Enquirer: 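Okay, handing you the structure first.
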Amino acid sequence: MGPHPAVAAIRLAVRRVLHDILNDHQGFPAQPAGAREDRTAERPPSPLVLVACSGGADSMALASALAFEAPKLGVRAGGVTVDHGLQPGSDLRADEVVLRLRGLGLDPVESVAVTVGRAGGPEAAARDARYAALDAAAERHGAAAVLLGHTRDDQAETVLLGLARGSGIRSLSGMAAVSGAGGRYRRPFLQLDRQTARKACMVQSLPVWDDPHNADPAYTRSRLRHEGLPALEKALGKGVVEALARTAQLSRDDADALDAWARQAEASVRDAAGLLECAKLYALPPAVRRRILRRAAIEAGAPAGALFARHIEEVDRLITGWRGQGAINLPGKVVAQRQGGRLVIRQG
């Protein structure tokens, strides 16, 4: 008798991602289960894959599947839990997660404490601190990849948040299955719902921790999860989450194509000195032109996370609605202004 369907689904998702990681790191060939090792040939060390685990159902299901699948492919499996220090006893909770991961057979396993700032609000600040800690852990251990437990439900929430912000098609594309420097972050569960992960934990008797912040109405995502999405499903019927996840993938495909177009077009709208020519920018489709403007602002020093659609729209009006207006101030003390038919974007 095979494993429970929920367990089988999460293991298959992880197996596929591990194969992708091995293919991306050709120096780390997979060892088929039962294969006899050729001791006469020098083999590179097995790649290390870390799982980011909070102790919740999604990440515990992911850790369990990684512990099961990795040895069959000759992959080393470890884990990291991040202590945000936002709740009393968070350090003890992190220690418990470390014990659970070690109990699954993962090695190395560590807990990393971070200090959460205030920039961008509590959710964004916690996310920034978490990814910085995971990046550092991956570098420290020489990990080939870090697995994240985001599910299809998380993807649907991300799309709705992007829609509410009016941030454009890239925001509607949600979370990528592969992201980060060199494809470091992998999200195996984006096609699986949250209940599948919870069911997998239950049938395997895996203890899970439900973060009280996930039910706290002070947080935007929590309100969306417990109020917004249920209201949409009540009004529109079941299938909203699946439809939003499909929207994310379609939006990502479109956004990727437009980004590629913008990269190709950028060289043609710069003069010999490398300055952007307003007349040539004006001739481009708005979606392509605004991508070029955004890239130029980021290259000049504007932080990508603080550069919103409204900023780019203001800069775009220097091209499409020129009436002699003054310079546009952008995040990061970057200034955009029109001078002699050229668009100059630089540090102010």
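This one's a predicted model, so the numbers in the text were calculated from it and none came from an experiment.
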Enquirer: I'd like to know if the side chain of Asp153 and the backbone of Arg194 have a donor-acceptor N/O pair within less than 3.5 Å.
Expert: yes
Enquirer: Looking at Asp107 and Arg102, is any side-chain nitrogen of the basic one under 4.0 Å from a carboxylate oxygen of the acidic one?
Expert: no
Enquirer: Is there a donor-acceptor pair closer than 3.5 Å between any side-chain N or O of Thr81 and the backbone N or O of Val97?
Expert: no
Enquirer: Below 4.0 angstrom, N of the basic side chain to O of the carboxylate: do Arg294 and Glu299 qualify?
Expert: no
Enquirer: Any luck finding a side-chain donor-acceptor pair between Thr158 and Arg221 under 3.5 Å?
Expert: yes
Enquirer: Tell me whether Gln325 contacts the main-chain N or O of Arg323 through its side chain, where contact means a donor paired with an acceptor under 3.5 Å.
Expert: yes
Enquirer: Which residue pairs pass the side chain to side chain donor-acceptor pair (under 3.5 Å) test when at least one of the two sits in residues 137-146, sequence neighbours left out?
Expert: Glu110-Arg140, Glu110-His141, Glu139-Arg184
Enquirer: Check this for me, if you would: do Arg170 and Asp259 make a salt bridge, where the nitrogen-to-carboxylate-oxygen distance has to be below 4.0 angstrom?
Expert: yes
Enquirer: Checking side-chain contact (heavy atoms from CB on, under 4.5 Å) against Arg186, which of Val14, Leu18, Asp20 comes through?
Expert: Asp20
Enquirer: Any ion pair linking Glu233 and Lys238 (charged N to carboxylate O, less than 4.0 Å)?
Expert: yes
Enquirer: How far apart are the closest heavy atoms of Ala52 and Leu148, and which atoms are they?
Expert: CB-CD2, 3.6 Å
Enquirer: Going by side chain to side chain donor-acceptor pair (under 3.5 Å), name the residues that satisfy it together with Lys333, two or more places apart in sequence or in a different chain.
Expert: none
Enquirer: Of the options Asp24, Asn23, Val17, which is the one that meets Ile21 in a side-chain contact (heavy atoms from CB on, under 4.5 Å)?
Expert: Val17
Enquirer: Short question: side chain of Ser46, backbone of Gly74 - any donor-acceptor pair under 3.5 Å?
Expert: yes
Enquirer: Okay, side chain of Arg11, backbone of Ala65: is any donor-acceptor separation there less than 3.5 Å?
Expert: no
Enquirer: Tell me whether Arg225 is salt-bridged to Asp154, with the criterion being a basic N under 4.0 Å from an acidic carboxylate O.
Expert: yes
Enquirer: Does atom CH2 of Trp261 have more than 12 heavy-atom neighbours, drawn from other residues, nucleotides or ligands, at distances under 6.0 Å?
Expert: no
Enquirer: Does Arg289 reach the main-chain N or O of Leu284 with its side chain, forming a donor-acceptor pair under 3.5 Å?
Expert: yes
Enquirer: Are any of the side-chain nitrogens in Glu242 or Arg246 under 4.0 Å away from the carboxylate oxygens of its partner?
Expert: no
Enquirer: Taking all atoms of both residues into account, what is the closest heavy-atom pair of Ala176 and Arg187, and its distance?
Expert: O-NH1, 2.8 Å
Enquirer: Give a yes or no on this: more than 12 heavy atoms of other residues, nucleotides or ligands lie within 6.0 Å of atom CD of Gln191.
Expert: no
Enquirer: With a 4.0 Å cut-off on N to O distance, would you call Glu277 and Arg270 a salt bridge?
Expert: no
Enquirer: Tyr131 and Tyr185: which non-hydrogen atoms are nearest, and at how many Å?
Expert: O-OH, 3.4 Å
Enquirer: Are side-chain N/O atoms of Asp83 and Ser90 paired as donor and acceptor at under 3.5 Å?
Expert: yes
Enquirer: Sub-3.5 Å donor-acceptor pair from the side chain of His19 to the main-chain atoms of Arg16, do we have one?
Expert: no
Enquirer: Under a 4.0 Å threshold between the charged nitrogen and the carboxylate oxygen, would Glu313 count as salt-bridged to Arg310?
Expert: no
Enquirer: Would you confirm whether Thr196, through its side chain, and Leu192, through its main-chain N or O, come within 3.5 Å as a donor-acceptor pair?
Expert: no
Enquirer: Is there a side-chain contact between Leu66 and Leu62 in this structure, where contact means two heavy atoms from C-beta onward sitting under 4.5 Å apart?
Expert: no
Enquirer: Within this structure, what is the CZ-CD1 distance for the pair Phe189 and Ile10, rounded to the nearest 0.5 Å?
Expert: 5.0 Å
Enquirer: Which heavy atom of Ala197 sits nearest a heavy atom of Ala61, and at what distance?
Expert: O-CB, 3.7 Å
